[in-house]
Amino acid sequence: MARLACIDIGTVTARLAVADVEGGRVVRLAKHSEICNLGEGVDATGRLRQEAMKRVFACARGYVDAARDAGAVAACCTLTSAARDADNSRELGAALDSLGLDPLIIPGQVEGSLTFLGVARDFVGRRILVADNGGGSTELACGMLGEDGALTLDFVRSIDVGCRRVTEKFLSGNALPTAEDLAAAHAFAGEGFAPAVSEGRLWARGSERAGEDAAAPEALVVCGGTVTSLVAIDKKLEPYDSSQVHLASLARARVEELEALLASLTVEQRAELPGLQAKRAPVMLGGAVAISELMAQTGFESLMASESDLLFGLALAADASLREAPSPVIWKPTMRPLR
């Protein structure tokens, strides 16, 4: 059994997983996360801010030390939407390399595939649509994990709709958003999701568009900080309890109610909501808009939240890389020994 570390640096959050993998299965995984806001201002400028890169570097340095102390033998490091969009990502990459990491900016297609791999273990034999709603993008992946362990992915797309991107375009500042602001945010998200939903025929099974087509997804599973926070707000979780969030359901009507609640509050007031991390308050409404619009476009009347996300899939791919075995998603991360 290998103990390995996976560091994923997203647009809003940087995360660490220390995982034990045996026989192609994650048997134990401990996660840590820190809101670093790497993507702050990237949508407008196309560049990572020096302050944001310093926050990420300090966080990653702590993660490397924590992984080594936990007994991990090797580590991988991935970066997603903000790093994909920024012209100066190499500067951050060089800093992370100095920590003994090999930072890889992964395409949205790989990000979506890894997330699906992590989520699908809880839905064996079921055709599902997985949405990884991040800060700069949302990855949509539709397929099935068979009883025999075979992964079938029929459709994977990355759409530039995420909580920070929506916020910075339409909902930034501490003032209450206007009806026009919200309408523009929804229109942006809808225009982003609609072509992918149509191309992939991602309409909910039983909905008006899909009917009872067996090829249509039967469940929408969403991961990322926005959806887990929506569940936590809905349940007023203080402190946060992952056991009450993982695989919890939210009706579309409830998502819309929570969006309306967030829109009625200033950022400072949102930060006081039970269940919401204060650092996430500035981008929380943008994320709720994105998820609400995705449900409207796909016709799903409910979603399930999952904490078995990209980090789970990345751990499986990392284990395959260590063993020099075929990767479950074709792509493999580069593993560096923890010195």
Side-chain angles (χ1 to χ4, degrees), residues 8-15 33-56 59 79-89 91-92 105 108 111 131-140 158-194 196 222 224-230 255 258-271 273 276-294:
D8 175 60
I9 299 171
T11 301
V12 173
T13 308
R15 303 181 301 153
S33 67
E34 184 174 334
I35 292 177
C36 294
N37 286 316
L38 176 64
E40 188 175 31
V42 168
D43 187 68
T45 67
R47 293 182 63 81
L48 301 173
R49 293 179 177 174
Q50 291 296 319
E51 297 82 359
M53 288 192 283
K54 288 178 182 177
R55 291 194 297 266
V56 167
C59 178
L79 300 95
T80 55
S81 180
R84 288 196 292 262
D85 291 351
D87 294 336
N88 60 336
S89 297
E91 186 177 343
L92 176 59
I105 300 174
E111 185 180 358
D132 182 8
N133 176 239
S137 63
T138 297
E139 282 65 47
L140 301 177
S158 180
I159 296 96
D160 285 339
V161 176
C163 62
R164 176 159 291 283
R165 196 182 299 271
V166 171
T167 297
E168 292 189 357
K169 283 183 176 294
F170 306 103
L171 305 169
S172 58
N174 194 43
L176 294 177
T178 65
E180 290 76 15
D181 294 333
L182 287 168
H186 271 277
F188 171 78
E191 289 167 5
F193 289 135
V222 185
T226 293
V227 73
T228 56
S229 295
L230 287 174
V255 172
L258 291 170
E259 180 195 325
L261 170 64
L262 292 164
S264 72
L265 304 173
T266 65
V267 171
E268 291 175 351
Q269 291 169 330
R270 290 173 209 157
L273 284 172
L276 181 60
Q277 245 182 315
K279 285 185 177 182
R280 188 169 289 279
V283 298
M284 190 61 200
L285 176 57
V289 166
I291 291 176
S292 175
E293 191 60 39
L294 176 63

Can you give me the closest heavy-atom contact between Leu261 and Leu265, atom names plus distance? O-CG, 3.3 Å
For Glu111, enumerate each residue passing the salt bridge (charged side-chain N to carboxylate O under 4.0 Å, His left out) test, keeping only those at least two apart in sequence or located in another chain. Arg84
Which pairs would a plain distance check flag for residues 276-288, meaning a side-chain donor or acceptor within less than 3.5 Å of a matching protein atom at least two apart in sequence or in another chain?
unit_1, atom_1, unit_2, atom_2, d
Arg280, NH2, Thr13, OG1, 3.1

Can you run down the ring pair (Phe, Tyr, Trp, His ring centres under 6.0 Å) pairs that involve residues 160-182, sequence neighbours left out, and say none if there aren't any? Phe170-Phe188
State whether the number of non-hydrogen atoms from other residues, nucleotides or ligands found under 6.0 Å of Gln269 atom CD is greater than 12. yes
Sorted by chain and residue number, the side-chain hydrogen bond (donor to acceptor under 3.5 Å, both in side chains) partners of Ser158 (sequence neighbours excluded) come out as Glu139
Results of side-chain contact (heavy atoms from CB on, under 4.5 Å) for Gln50 - residues two or more places apart only: Met53, Glu91
Which heavy atom in Ala52 sits nearest to a heavy atom in Leu38, and how many Å separate them? CB-O, 3.7 Å
CZ/Arg164 to OG/Ser172 distance, rounded to the nearest 0.5 angstrom? 10.0 Å
Using every non-hydrogen atom in the two residues, find where Asn133 and Gly162 come nearest and quote the distance to one decimal. ND2-CA, 4.3 Å
At their closest point, which heavy atom of Ala86 faces which heavy atom of Leu48, and how far apart are they? CB-CG, 3.5 Å
Nearest heavy-atom contact between Thr11 and Gly136 is OG1-N, 3.4 Å
Out of curiosity, Leu79 CG to Ile9 CD1, how far, rounded to the nearest 0.5 Å? 4.5 Å
Rounded to the nearest 0.5 Å, what separation is found between the CG atom of Asp85 and the OG atom of Ser137? 8.0 Å
Grab the two heavy atoms, one from Val166 and one from Ala185, that are nearest each other, plus how far apart they are. CG1-CB, 3.9 Å
With rounding to the nearest 0.5 angstrom, report the OG to CG distance, Ser81 to Asp132. 10.5 Å
Just to verify, what does Ala131 make a side-chain contact (heavy atoms from CB on, under 4.5 Å) with, not counting sequence neighbours? Thr138, Leu140, Leu220, Val222, Leu294
Could you check His186 against Glu259 for side chain to side chain donor-acceptor pair (under 3.5 Å), going step by step and ending with a plain yes or no? CA-CA 11 Å; His186 271 277; Glu259 180 195 325; 2.8 Å; yes
What residues, two or more places apart in sequence or in another chain, satisfy side-chain contact (heavy atoms from CB on, under 4.5 Å) together with Leu176? Thr266
Rounded to the nearest 0.5 angstrom, the CD1-OG distance for Ile105 and Ser89 is 4.0 Å
From CG (Leu262) to OG (Ser229), nearest 0.5 Å: 9.5 Å
Within residues 39-53 or reaching into it, pairs that qualify as salt bridge (Lys or Arg N to Asp or Glu O under 4.0 Å) - sequence neighbours excluded: Glu40-Arg49, Glu40-Arg55, Asp43-Arg165, Asp43-Lys169
